[in-house]
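Report on one structure; see the data block that follows.
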Amino acid sequence: MRIYILRRLLQVIPTLVGTTFIIFIIINAAPGNPMSTLVDPTISAEAIERRIEQLGLDRPLLERYGVWLRETFQGNLGYSTRYRGRPVTDIIQSRLGPTMLLTFSSIFLSFIIAVPIGVISATRQYSKLDYTVVVGAIAGVSIPVFFLGIVLIWLFALQFGWLPVGGMMRAGARYPSWFAWAFDVLRHLVLPLITLTAAGTARFVRFTRSSMLEVVRQDYIRTARAKGLSERVVIYRHALRNSLLPVVTILGLSLPFLFSGAVITEAVFAWPGMGTLIIEAVTTRDYSLLMGTNLFLAVLVILGNLVADLVYALIDPRIRYD
Amino acid sequence: MGVNELLQVTNLSSSFQTEDGLVRAVRDVSFHISHGESLGIVGESGCGKSVTCLSVMRLMEQNGRIEADSMRFEGRDLLSLRERQMQKIRGNEMAMIFQEPMTSFNPVFTIGFQLQEAIRLHQGLNKKAARNASIDMLKQVGIPRPEKINDEYPHALSGGMRQRAMIAMAISCRPKLIFADEPTTALDVTIQAQILELMQKLQQEIHTAVVFISHDLGVIAEMSERVMVMYAGRIVEIAGRRNLFKDPKHPYTIGLIRSKPDMEIESPVLTPIPGTVPNPLHTPPGCPYHPRCEHVMDICRSTLPELISHEQMHQVRCWLYDQQGAVHGS
């Protein structure tokens, strides 16, 4: 087991080098450069030229990638042009908290809501309830998050005025207590969380339902019934555990998906997380920041896969890594 | 039908609603079994053997429907019992051994856990006592190192071992009736013999009645005192073992016996039954066997014969033996 984990972690290195190289090429193939969005149009072309030279952006692509890679291995992700020379690691760190809050509470909520719905829907296949769930789930995965987000903002923020339009805190607010701060963050969290959770729940419902339908047809479920176990025990003890095996994999694999889903949701609600940061980095051609955030997502994908595999071995006795 | 009957089934019909239409898997099946008796059910795939047993245990899938005039188990009418009462019977008084030992255990629980589940449920034992009982059971079915196997997951066991464990699970609550649904079909021949021997031994030890389902006449001859032959969902012949093999009546039974290799008769050629089992969606009118029958008469094509007593305890459903065995027609 330990050797397996070690081997998997070693595989991370070439994967990351490959991923970042491709990203580097693609970013540089895109038109524009950090100067094109930042600089006052009255500044002379020579001055821009000089600045580009200073930043080393006139060097060959491979050389620049080499420098980036060398510095990255030493823990230096470079400096942002958008944020006036702030270190990229710093910026990412400051954005991690809000994103984690949004993403993990969304995964948790989606899972808690989706599993029972999926199970109930599967055990009453072809009932009215089942059809309602299926249609709802298709609607959930089909509605784009930015659309749902905007509808929610329009309804709850603009029409009813119950919740804030966006952001994570009131601008310039000073909170008398820790509790007041938490409450305000929570109020800001509600709409983006609903948006992200709606999509996640819909996906998990579909997975759980189809997985459950597959499992209840298995021979061992009949064996469990033949033992005289009640339907509840048959479903929630014998069937659920088996049907959650693939769902766990999906959960691990969807970590990066949820983060990227959060990109759009964060942008819609101006949530100060990784998603908003990535979009800023792209629109301002902030190369260091872009590479840094993408590296972060790539690590997340790889770790998500690894965690899914390890958890799978924990819950499925047939799988052993040795 | 004496008072000693353990199970008395009268006119059982089971059907499934499928996308292609109604499949009538079992039709008007009546039989009985006494305490400690062994009854064999034989027939080709799809003849309704398994569905008959699943119907008695009320384990049909959601799309299945069971109808019967009565289905009495020790005086209780199984059809009118609530699901909760039925659960007290299943695994406790009536157990089932399935065909596929490889897929009949839940892969994520240990063998011991799955045995103890039934023991704890029906006998109210605590964890430790149930564990001991489960190890005892595994020992009784001849599993080596039962303490260790008890904590193993199913995938660590061979097919033969799993079937032994399955038998251990079935007998763990000393049921009065066991349905063994082709318990040796998925096993290789040497293991088959061991499992059959084990089942015979256990049946005598715990004095339970066994309904033994098989498509293998050799196995049936070994395991059953009485034999019921089914074709297209109906009983076509039912007789004592000796009678059935020495003096088979129904052309289908005769065909089955002829298509089985026999070491004692030196005939190198087997005689298979021509044709195939009818599609359960479109069973032929009249006697369902008539398209494959060598003695087919006009009446067979239009009218279904009754199951009539030929001799004491020998019943057959065929126009050849209508009117106390008097040959009909030609």
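Since the model is a prediction, treat every value here as computed from it, not as a measurement. Chain identifiers are assigned alphabetically (A, B, ...) following the order of the sequence lines, protein sequences preceding nucleic acid strands; residue numbering begins at 1 within each chain.
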(request) Check B:L177 against B:V210 and note the closest heavy-atom contact, atom names and distance. (result) CD1-N, 4.5 Å
(request) Over all heavy atoms of both residues, which pair between B:E74 and B:H35 is shortest? Give the atoms and the distance, please. (result) OE2-CE1, 3.3 Å
Are any non-hydrogen side-chain atoms of [X] and [Y] less than 4.5 angstrom apart?
X	Y	value
B:L6	B:F73	yes
A:L240	A:I235	no
A:L9	A:I5	yes
B:L78	B:L81	yes

(message) At a 4.5 Å cut-off on heavy atoms, which part of A:V215 comes close to chain B: side chain, backbone, both, or neither?
(response) neither
(request) Examine whether an atom of A:L229 lies under 4.5 Å from a heavy atom of chain B, and if so say whether it belongs to the side chain, the backbone or both; otherwise answer neither. (result) both
(message) Closer than 3.5 angstrom, by distance alone: can the side chain of B:K49 be matched with the main-chain N or O of B:M230 as a donor-acceptor pair?
(response) no
Against chain A, label [X] side chain, backbone, both or neither, depending on which of its atoms sit under 4.5 Å from a heavy atom there.
X	answer
B:F105	backbone
B:M86	neither
B:M166	side chain
B:L54	side chain

(request) Inspect the surroundings of CD1 in A:I3 and state if more than 12 heavy atoms from other residues, nucleotides or ligands are less than 6.0 Å away. (result) no
(request) For B:D20, check side-chain hydrogen bond (donor to acceptor under 3.5 Å, both in side chains) against everything at least two apart and list the hits. (result) none
Under 3.5 Å, which donor-acceptor pairs link chain B to chain A? Give each pair on its own line with the distance.
unit_1	atom_1	unit_2	atom_2	d
B:Q62	NE2	A:T123	O	3.4
B:G91	N	A:A226	O	3.1
B:T103	O	A:Y220	N	3.2
B:T103	OG1	A:D219	OD2	2.5
B:S104	O	A:T223	OG1	2.8
B:N106	OD1	A:N242	ND2	2.7
B:N106	ND2	A:H238	O	3.2
B:N106	ND2	A:H238	ND1	3.0
B:Q114	O	A:K227	NZ	2.8
B:E117	OE1	A:K227	NZ	2.7
B:E117	OE1	A:H238	NE2	2.8
B:E117	OE2	A:R237	NH1	2.5
B:E117	OE2	A:H238	NE2	2.7
B:H122	NE2	A:K227	O	2.7
B:H155	NE2	A:P317	O	3.2

(message) Among B:P154, B:P107, B:A95, which residue has the highest count of heavy-atom pairs closer than 4.5 Å to chain A?
(response) B:P107
